[in-house]
Amino acid sequence: MTLFKKSLLVAAAIGAIAMAAPSQAQTFKYAFQGDLGSLDPYSLNETFTLGFQGNFYDALTAYDENLKLIPALATSWENPEPNKWIFHLREGVKFHNGNPFTADDVIFSWKRAQTDGSDLRGRAGQIASMTKVDDYTIEATTSQPNAVLMQDLTFLYIMDKEWSEENNTLEATSPSDTNTNNYANLHENGTGPFMVVERQPDVKTKLVRFDGYWKDIKSNVKEIEFTPIKQAATRVAALISGEMDLVYPVPVQDWQRLDEAKGVAPLTGPEARTIFLGMDQERDELLYSNIKGKNPLKDQKVRAAFAHALNLDAIKQKIMRGASTSAGTLIAPQINGYNAEIAKPYTYDPKLSKQLLTEAGYPDGFEIGMDCPNDRYVNDEKTCQAVASMLAKVGIKVDLNAQPKAKYFAKILATGGFDTSFYLLGWTPGSIDAHNAILNLLHSVNKDAQQGMFNLGHYSNARVDELTGEIGKETDPAKRQAMIDEAFQIVKDEVGYLPLHQQPLSWGVRDGVSVVQRADNVLDFRNIVVPE
Amino acid sequence: MISFIVKRLLQSVMVMLTVAFVAFALFNYVGDPISNMVGQDTTFAEREQLREQLGLNDPFLVQFGRFVGNAVQGDFGLSYHHKQPVSNLIAERMPATLELSFISALISLLLGIPLGVYTALNRDSIMTKIIMTGSLIGVSLPTFLIGILMILLFGVVWRVLPTFGRGDVVMLGWWSTGLLTVTGLKSIIMPAFTLALFQMTLIMRLVRAEMLEVLRTDFIKFARARGLPRRSVNYRHALKNTLVPVITITGLQIGSIIAFAIITESVFQWPGMGLLFIQAISDVDIPIMAAYLVMIALFFVVINLIVDILYFLVDPRLRVDRVSGSH
């Protein structure tokens, strides 16, 4: 009996191996440091989750390899009046279950994205109303002119109305008990090139190619297996051992190891995220400093002294292994509105820095507390330590408080009462457009209007505030660019922020596998080619 | 006997309540759950609304009371991160952890006992000295490092074992097992050894000490004097007498193997409860953290209760005391 059982087992095992073997050639396996939050496209407005979901869902528009806007489920669109938009939808598109894609699905999705549990209410809310003209035409109105509406819609994925109704998942997945049916959290029915066939949160997600995809794509992959691997050392080992075709992120200090290992190589490139330092310019006395009764950071000379004390080149060479791009403004070259002239970094000049501090009345410098995350950005804590030692050379003694992101953000954000004097933060405009950065980082803090909510140091300039509103409405590209330039130039002249760099993207790829590394760190399966 | 068990059960409930209370008191210091649940563009009004819906604005005692009230009905709430019932998540992950713990307990017994016997019988051999020194390394090196070293050697350099995960699993009802597939068996070797190393060293040293003690006793000397074969004296008489404390310790250690699987699971990306917990910490997923801690407390409490009952049955003195006490 036991012998029989054993042989049965062996037979089953052999069968499993035999069945798995033929598909091996075009299976793509990869690992990331975490899992996507949910399969529900409206549950988390975060780039990794939305980027992953973009492989089984489509939106009206999409980004290509270079983050340029391209049509997707909408073939074209018009903006006949400032607040009026017309979307022409693609015909012949099918959802994974075979249902046809029509205007009703778009209107349903837009409504669902505004339900209580949705984290995409901000994107969906750009549109005030939507009406169906015919099955493949939609008329939409916005509450105010919006130059980047189509960019905002790239991550607003279209769900199937019939499927959602059948499965009673009419509201976005939410962790609170208000929504009892989280069907879309673990199931999908999109129009994308891949279908999710197995979903074990935090363990494994398997996708297979959807043969009825509406577009020709260059990928030859038939099956995708995604595993989140939290530990960087394990992730890198899984790549070198040949179990993975791609892993990311790879710690910067492991690049050399990948170069030396056989059959794998690091793949690096610039990320659209800008890392910068912010300074409290509002309080009359800093929360964390030995200077009492006044706030030295309110003095532009002191802020300029900080700027000229930072040796960005050293940070780039020593901490980022030469792979970052030193920055002089808060947006990256990939972002719409970037101007290379403004993006030149402040000069490194410790003498000037010393002199400015003396002029400001701090010849011996002062002490200041600095907040820094240690698990959020590439080598974030090391960057802060480097900043601290550079400032020490001009007499500014930095007391560094580096902590995990969960605690860090709880402390410094609006919810924590902006509890910081000096901090490091990174920002990628979700719409890949400068307006998002200007609104969140440069505009004066206004809690009611939700403006400047990530302007943690309360930088404030009336002209910048005025420009923010104008840039949001202006649809003429040249006029718009001039206003964006003006806003960033003002901030630069006033040293409102201390930009550091665009950090590098750091992936590890098996030889022969071809992928496209998008600057927003999104892996688009449409571009993966594996050796046959 | 029954009053003893009831008393212990009541104490156990107190222990679990205390664990839950301490856990909840600590949750105020692990960070803000909301900022991990929404994207950067989410407005603060929406964040505040979410916080209100989840009851995070309520006073600490209200939150704790609500948790206990739901927990006694078996409801641990929805995970903030996964948006699924916590009890489902834990049930899905439990087989992985229990299999890993069971295999490593088995390894530590199967290797620890023979090594202990060998080192006790051959006290001065070079092999013994090597084993004893090696065991020091086993105790003093952190699990994390051992795991990474094993991954480097067996996964990356020799490429004989998978570096992460659980391989293919087979569902037996609701229980997922990796012990029936080739990849599953290969995958469990490294994590199980990593987890077993400390326990193995402990058992080996315990067996050795007990053996040395027993070998000195009169009945062993007498058995030898009777001319019984060496084998029979060493294994049938001596070893048998050392096993009582070994069994007790092993029983107690099973609890800690399950609880301390966290590090091993995270090094090997082993999809068990420990990994779920460590992920929950970085996501500030309070419902998972609370349920996991209470459940681990339950494991310990149950194991201790069983051990206590066993003592009660085995040790007549304890029984007499209790009986006379109740009169």
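Each chain gets a letter, A, B and so on, in the order its sequence line appears, and its residues count up from 1.
The residue among B:His81, B:Arg51, B:Gln84 with the most heavy atom pairs within less than 4.5 Å of chain A is B:Gln84. Comparing B:Gln49, B:Gln40, B:Met37, B:Glu48 by heavy-atom pairs within less than 4.5 Å of chain A, the highest count is held by B:Gln40. When the candidates B:Ser35, B:Pro33, B:Ala45, B:Gly39 are compared by the number of heavy-atom contacts under 4.5 Å with chain A, B:Gly39 comes out ahead. Note: B:Asp41 leads B:Asn36, B:Asp41, B:Val30 in heavy-atom pairs under 4.5 Å with chain A. Most heavy-atom pairs under 4.5 Å with chain B: of the set A:Lys407, A:Gln450, A:Gln200, A:Lys411, this distinction falls to A:Gln450. Ranked by heavy-atom pairs shorter than 4.5 Å toward chain B, the options A:Asp119, A:Thr415, A:Asn45 are led by A:Asp119. For chain B, the option among A:Gly416, A:Gly122, A:Ala238 with the highest count of heavy-atom pairs below 4.5 Å is A:Ala238.
To the nearest 0.5 Å, atoms OG (B:Ser187) and CZ (B:Arg166) are separated by 9.5 Å. In this structure, CD1 on B:Ile107 lies 9.0 Å from CG on B:Leu195, to the nearest 0.5 angstrom. The distance from the CD1 atom of B:Ile148 to the OG1 atom of B:Thr194 is 9.5 Å, given to the nearest 0.5 Å. To the nearest 0.5 Å, atom CZ of residue B:Arg47 and atom CG of residue B:Asp32 are 8.0 Å apart. Separation of atoms CG (B:Leu197) and CD1 (B:Ile137) is listed at 10.0 Å; rounding is to 0.5 Å.
Neither the backbone nor the side chain of B:Ile34 comes within contact range of chain A; no heavy atom of the residue lies under 4.5 Å from a heavy atom of that chain. At a 4.5 Å heavy-atom cutoff, the contact between A:Ser43 and chain B is made by backbone and side-chain atoms alike. For chain B, the nearby part of A:Asn185 is the side chain; its heavy atoms alone come within less than 4.5 Å. Using a 4.5 Å cut-off between heavy atoms, A:Lys405 contacts chain B through its side chain alone, with no backbone atom that close. With a 4.5 Å cut-off on non-hydrogen atoms, A:Asn440 touches chain B through its side chain but not through its backbone. If you measure heavy-atom distances from A:Pro201 to chain B, the contacts under 4.5 Å come from both the backbone and the side chain. For A:Asn436, the part lying near chain B is the side chain, with the backbone staying farther off; criterion is any non-hydrogen pair under 4.5 Å. Neither the backbone nor the side chain of A:Tyr408 comes within contact range of chain B, judged by heavy atoms closer than 4.5 Å. Heavy-atom distances place the side chain of A:Leu186, and not its backbone, under 4.5 Å from chain B.
Side-chain atoms of A:Thr205 and A:Glu198 form no donor-acceptor pair, as typed in the model, at a separation below 3.5 Å. Residues A:Asp520 and A:Thr47 bring no donor and acceptor atom of their side chains to less than 3.5 Å of each other.
Inspection of non-hydrogen atoms places A:Thr227, A:Pro228, A:Ile229, A:Lys230, A:Gln231, A:Ala233, A:Thr234 of residues 227-235 of chain A under 4.5 Å from chain B. Of all residues spanning residues 272-285 of chain B, those with a heavy atom less than 4.5 Å away from chain A's heavy atoms are B:Ile278, B:Gln279, B:Ser282, B:Val284, arranged by number.
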Derivation and outcome, ring pair (Phe, Tyr, Trp, His ring centres under 6.0 Å), residues A:Phe48 and A:Phe32: CA-CA 9 Å; A:Phe48 177 75; A:Phe32 181 66; 3.9 Å; yes

Step-by-step side-chain hydrogen bond (donor to acceptor under 3.5 Å, both in side chains) determination, B:Thr97 to B:Glu265: CA-CA 8 Å; B:Thr97 297; B:Glu265 286 186 4; 2.7 Å; yes

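Listed by first and then second residue, the ring-ring contact (aromatic ring centres under 6.0 Å, His included) pairs involving residues 143-173 of chain B are B:Phe154-B:Trp158 (not counting sequence neighbours). Sorted by first and then second residue, the pairs that involve residues 31-51 of chain A and meet salt bridge (Lys or Arg N to Asp or Glu O under 4.0 Å), not counting sequence neighbours, are A:Asp35-A:Arg199, A:Asp40-A:Arg112.
Using a 30° and 60° split on the angle between ring planes, A:Tyr423 and A:Phe276 fall in the perpendicular class, above 60°. Taking the six-membered ring where the residue is Trp, B:Phe21 and B:Phe60 present perpendicular rings, their angle passing 60° and hence far from 30°. Between A:Trp427 and A:Phe454, the ring planes are tilted. Angles from 30° to 60° get that label.
Listed here is the closest heavy atom pair of A:Gly426 and A:Ile275: CA-CD1, 3.8 Å.
Residues A:Tyr42 and A:Tyr157 place their aromatic rings such that the two centres sit no closer than 6.0 Å.
In terms of modelled atom types and a separation under 3.5 Å, the side chain of A:Asp254 and the main chain of A:Arg257 share no donor-acceptor contact.
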